[in-house]
Structure formats: C-alpha cells, structure tokens
Amino acid sequence: MKQKFQELAGIFCLPGEIESIDLISNGNINATYDVSIRHEGQLRRFVFQKLNIYVFKNPKKIMKNIEAITTHIADKLESVGKSRDSVMHFAHTLDGKNYYMEEQGFWRISEYVPNTVTYNACDDLEKLRSAGAAFGEFQTMLADFDAGSLYETIPNFHNTRSRIAVLMRHVNEDPCGRVDEVEAEVKRIREFKSLAVRLNELVDSQELPLRVTHNDTKINNVLFDRDSGEAKTVIDLDTVMPGLVAHDFGDAVRFAANTAAEDEADLSKVKLDMARFRAFAEGFIPEVAQSLTRTEVKTLSLGAFTMTVELAARFLDDYITGDQYFKTLYRGHNLVRTRCQLRLAEEMYEHLGEMNKIIAEISGVPF
Ligand code: GN1
Ligand code: MG
C-alpha cells in the first residue's frame with residue numbers, strides 16, 4: 001500500500017516520502033486515508049480518497065462540480081475579507097487534473113485542513129449549534145450558484161417517492177431470497193409512505209423551490225477547529241446537487257439528534273434528543289431564514305422524518321438486493337441500520353408537533 005500511495009503522491013506532484021497511512025473509517029461509500037508525507041524535514045498531511053465508482057458512475061463530473069463549488073465559496077469568503085484556507089483544496093496532476101483515473105480506481109487527494117477534528121456523534125450543544133450554522137452558511141453561500149451548471153451525481157438521490165418505489169420493486173423481485181425476513185419493515189415503510197412523499201408532492205405543485213444543497217449533512221462531514229471548537233468547514237461535496245432545504249436540515253437532524261448510532265442494534269437506545277434538535281436548529285435557521293419561504297420553514301421538521309424513512313428504505317433496499325451499495329461490517333448490518341432508522345422515524349413522527357413548535361419559535365414564522 002505504501003508503494004501505491006508513494007506512486008500516487010508522485011502523480012499528484014507531491015514531493016517527499018510517505019511517512020504514515022491511516023484508514024479513516026467513518027464513510028459508508030468511499031475509501032479514505034489520512035496520509036502524512038515528509039518533505040525536506042516538514043511533515044504535510046493529506047486525505048487520499050478512492051472513489052466508489054459503483055455508487056458514483058461519473059466521477060470526473062463530480063470533480064468538476066467540486067472544483068466549481070469550492071472556487072465559488074472561496075471567492076465569496078475572500079470578498080468579505082475571510083481566508084480561502086478553510087475551503088477544501090485538491091492536489092492536481094501534472095496535466096492539471098484534480099483526479100487520477102486508472103484501471104483499478106479513481107483517486108483524488110486533498111490537503112488536510114489543519115488543526116481540525118471530526119465527530120461521529122456529538123452531544124455538545126454548542127458544537128451542534130455551530131454545525132447547524134456551518135450547514136446553513138454553506139447553503140447561503142451557494143444561493144447564487146447556477147444550479148443548472150451542476151451535474152446530477154446520483155439521479156433521484158433524495159427523491160423519497162422513487163426510493164420507496166425502487167424498494168417495493170425489489171421486494172417483489174426478491175433477488176436474494178431475503179424478503180421473508182423483512183416483512184415487518186416493509187409494512188412499516190408502506191405505512192409511513194403517504195407522509196414521507198409529502199415533500200415530493202410539494203415540489204410537484206411548485207410549492208417548494210429547489211436550491212443547491214449539500215445532501216449529505218451528517219455531523220461527521222463538518223470539520224471543527226481543534227482549539228475554538230467551532231465548525232470551520234463542511235466537507236464531502238460529492239452529492240452537492242439541486243435539492244430541498246428540508247433535506248439538508250432533516251438529514252443532519254436524523255444523524256445528530258439520534259441518541260444512538262445510525263446502526264444501533266438495541267432499539268431502546270434510539271431516541272430523538274430534543275435538546276440536540278433545538279441546538280442544531282438554532283444554528284441553522286438564522287443562517288438561512290432570510291431566503292426561505294414560509295413553506296420551506298414549515299417543512300423543516302417534515303424533512304427530518306422524511307430523510308429518516310428514506311434512509312430506512314435505502315438500507316432495506318440494499319439488504320434485499322445483496323448489500324452492494326453501503327459498506328457493511330457483518331451480515332445483516334443493513335437490516336440493523338434499517339430497524340434503527342425505522343425506530344427513529346417513529347420518534348420523529350411522535351415529535352413532529354414539538355419540533356414544529358421549536359422551529360416556529362426560532363424562525364418567528366407562525367405555523
Ligand atoms: C453515505 O459515505 P457517507 O457516509 O458520507 C450516503 C448518504 C447516507 C449515509 C448514511 C453517496 O454517506 O446518503 O446518508 O451514507 N452517501 C451516498 O450514513 O449514498
Ligand atoms: Mg458522503
């Protein structure tokens with residue numbers, strides 16, 4: 001592996017000797033490594049990433065999206081007198097590409113944003129508020145970005161209706177003979193469907209606008225400053241595409257306000273933590289409030305429920321089609337994830353009124 005990475009460093013014009021390689025294990029899709037390179041006595045840190053080309057069918061276009069997005073954000077920061085340094089920066093090959101494609105894979109290298117740390121779970125309300133503000137600010141900075149110029153990296157990514165339809169088709173086909181095991185979960189998703197497709201209906205009737213959204217707003221996609229503890233930047237830009245504000249808000253809540261991990265097997269531990277919900281909302285909403293329509297504000301909580309049901313449908317679909325999409329650590333991992341998300345969706349459903357009350361209070365929008 002060291003030899004391979006040394007070769008990659010050369011291709012990306014990074015001089016020096018590879019000193020260490022550590023796997024960063026918190027993504028479910030790509031393979032990511034924390035790599036230190038020593039050059040003339042100095043140690044520099046990079047993130048080497050091998051993209052999952054089963055998931056991302058057109059990785060070159062993703063890198064084009066990312067280049068455009070990061071440049072847009074860096075220019076914006078600079079125009080208000082802030083440093084461009086917190087924006088992700090990718091290494092380039094000798095022929096000026098921000099990726100390297102070979103038979104065995106698709107590689108990219110970014111500089112490690114110095115003095116930052118990520119969290120897979122976070123109960124520090126101050127940090128959650130700060131993460132909320134970072135995702136809100138991300139959204140606002142891309143408000144004037146030309147959505148039409150973005151390549152849709154995964155079509156129908158947060159199209160909940162289509163996700164559920166695909167699941168039901170595979171339930172009928174039962175390609176791996178696993179459907180018998182999951183009758184209860186399929187039934188639950190069917191019951192949740194009418195509310196979970198509500199956002200689709202509001203898009204169809206043009207009551208909700210599409211914006212440029214991040215679409216993968218897990219708390220571990222935020223880099224926090226090691227010293228101040230504040231959110232410094234948002235990473236993982238592979239799925240930046242047109243979407244709904246409710247998707248970004250909702251997916252963040254789904255992950256960060258769950259008292260348990262996304263794949264917790266003991267469902268009694270899975271609860272929606274309203275204090276965490278409030279903290280994230282307090283950070284996010286003021287950043288976006290100016291530009292949101294009343295309907296957008298009023299559908300933020302529904303976004304949390306919707307994203308949770310959608311993830312349940314995606315995990316279950318992967319389970320019954322043979323675990324090809326998400327990385328799994330054991331047989332049945334995707335089913336455990338499904339059950340956890342369904343329990344959480346129930347929590348969301350029960351707390352919709354309470355979530356709406358908090359959003360009304362923070363935004364000043366009457367419900
Ligand atoms: C995947 O790779 P990661 O962990 O950032 C997935 C998200 C899911 C998430 C669930 C491209 O994200 O949509 O919400 O797993 N990304 C893609 O943990 O499918
Ligand atoms: Mg991701």
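Ligands are counted one by one from 1 in listed order, and the atoms in each one are counted from 1 as well.
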So, Glu346 and Arg188, do they make that salt bridge, N to O below 4.0 Å?
->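 Answer for the salt bridge query: yes.
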Before accepting this row, confirm whether a basic side-chain N of the pair Arg254/Asp251 lies closer than 4.0 Å to the acidic partner's carboxylate O.
->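 Salt bridge between Arg254 and Asp251, a charged N being under 4.0 Å from a carboxylate O: yes.
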Look only at interatomic distance and state if Thr239 has a nitrogen or oxygen under 3.5 Å from any nitrogen or oxygen of ligand 1.
->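 It does not: no N or O of Thr239 is found under 3.5 Å from an N or O of ligand 1.
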Asp236 to ligand 1: N or O pair under 3.5 Å?
->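 Yes, at least one N or O pair falls under 3.5 Å.
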Modelled atom types, side-chain donor and acceptor of Gln49 and Thr32, under 3.5 Å =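 Their side chains do contain a donor-acceptor pair, which is all the 3.5 Å distance test asks for.
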Where does the angle between the aromatic ring planes of Phe277 and Phe249 fall among parallel (under 30°), tilted (30 to 60°) and perpendicular (over 60°)?
->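 The rings of Phe277 and Phe249 stand perpendicular, inter-plane angle above 60°.
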Quick one: does Phe367's side chain get under 4.5 Å of Ile359's, heavy atoms only?
->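 Yes, their side chains come closer than 4.5 Å.
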Quick one: does Phe135's side chain get under 4.5 Å of His214's, heavy atoms only?
->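 Contact flag for Phe135/His214 side chains = yes.
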Looking only at non-hydrogen atoms, which of Met307, Lys218, Gln341 approaches atom 18 (O) of ligand 1 most closely?
->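 Among Met307, Lys218, Gln341, the closest heavy atom to atom 18 (O) of ligand 1 comes from Lys218.
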Among Lys327, Arg314, His158, which one has a heavy atom closest to atom 13 (O) of ligand 1?
->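 Selected option, by shortest heavy-atom distance: Arg314.
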Using a strict cut-off of 4.0 Å, indicate which atoms of ligand 1 neighbour a heavy atom of [X].
X: Phe56; value: 11 (C)
X: Leu311; value: 14 (O)
X: Tyr325; value: 11 (C), 17 (C), 19 (O)
X: Glu262; value: 10 (C), 18 (O)
X: Ile29; value: 1 (C), 2 (O), 16 (N), 17 (C), 19 (O)

Take Asn334 and Arg337, measure what side-chain hydrogen bond (donor to acceptor under 3.5 Å, both in side chains) needs, and give me the verdict at the end.
-> CA-CA 5 Å; Asn334 272 318; Arg337 288 171 172 148; 2.9 Å; yes
Under 6.0 Å between ring centres, would you say that holds for Phe305 and Phe192?
->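 Yes, the ring of Phe305 comes within the 6.0 Å limit of the ring of Phe192, centre to centre.
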Please state which part of Asp238 comes within less than 4.0 Å of ligand 1, counting heavy atoms only: side chain, backbone, both or neither.
->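 Looking at Asp238 and ligand 1, no heavy atom falls under 4.0 Å.
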Does ligand 1 have a heavy atom under 4.0 Å from the side chain of Phe255, from its backbone, from both, or from neither?
->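 Looking at Phe255 and ligand 1, no heavy atom falls under 4.0 Å.
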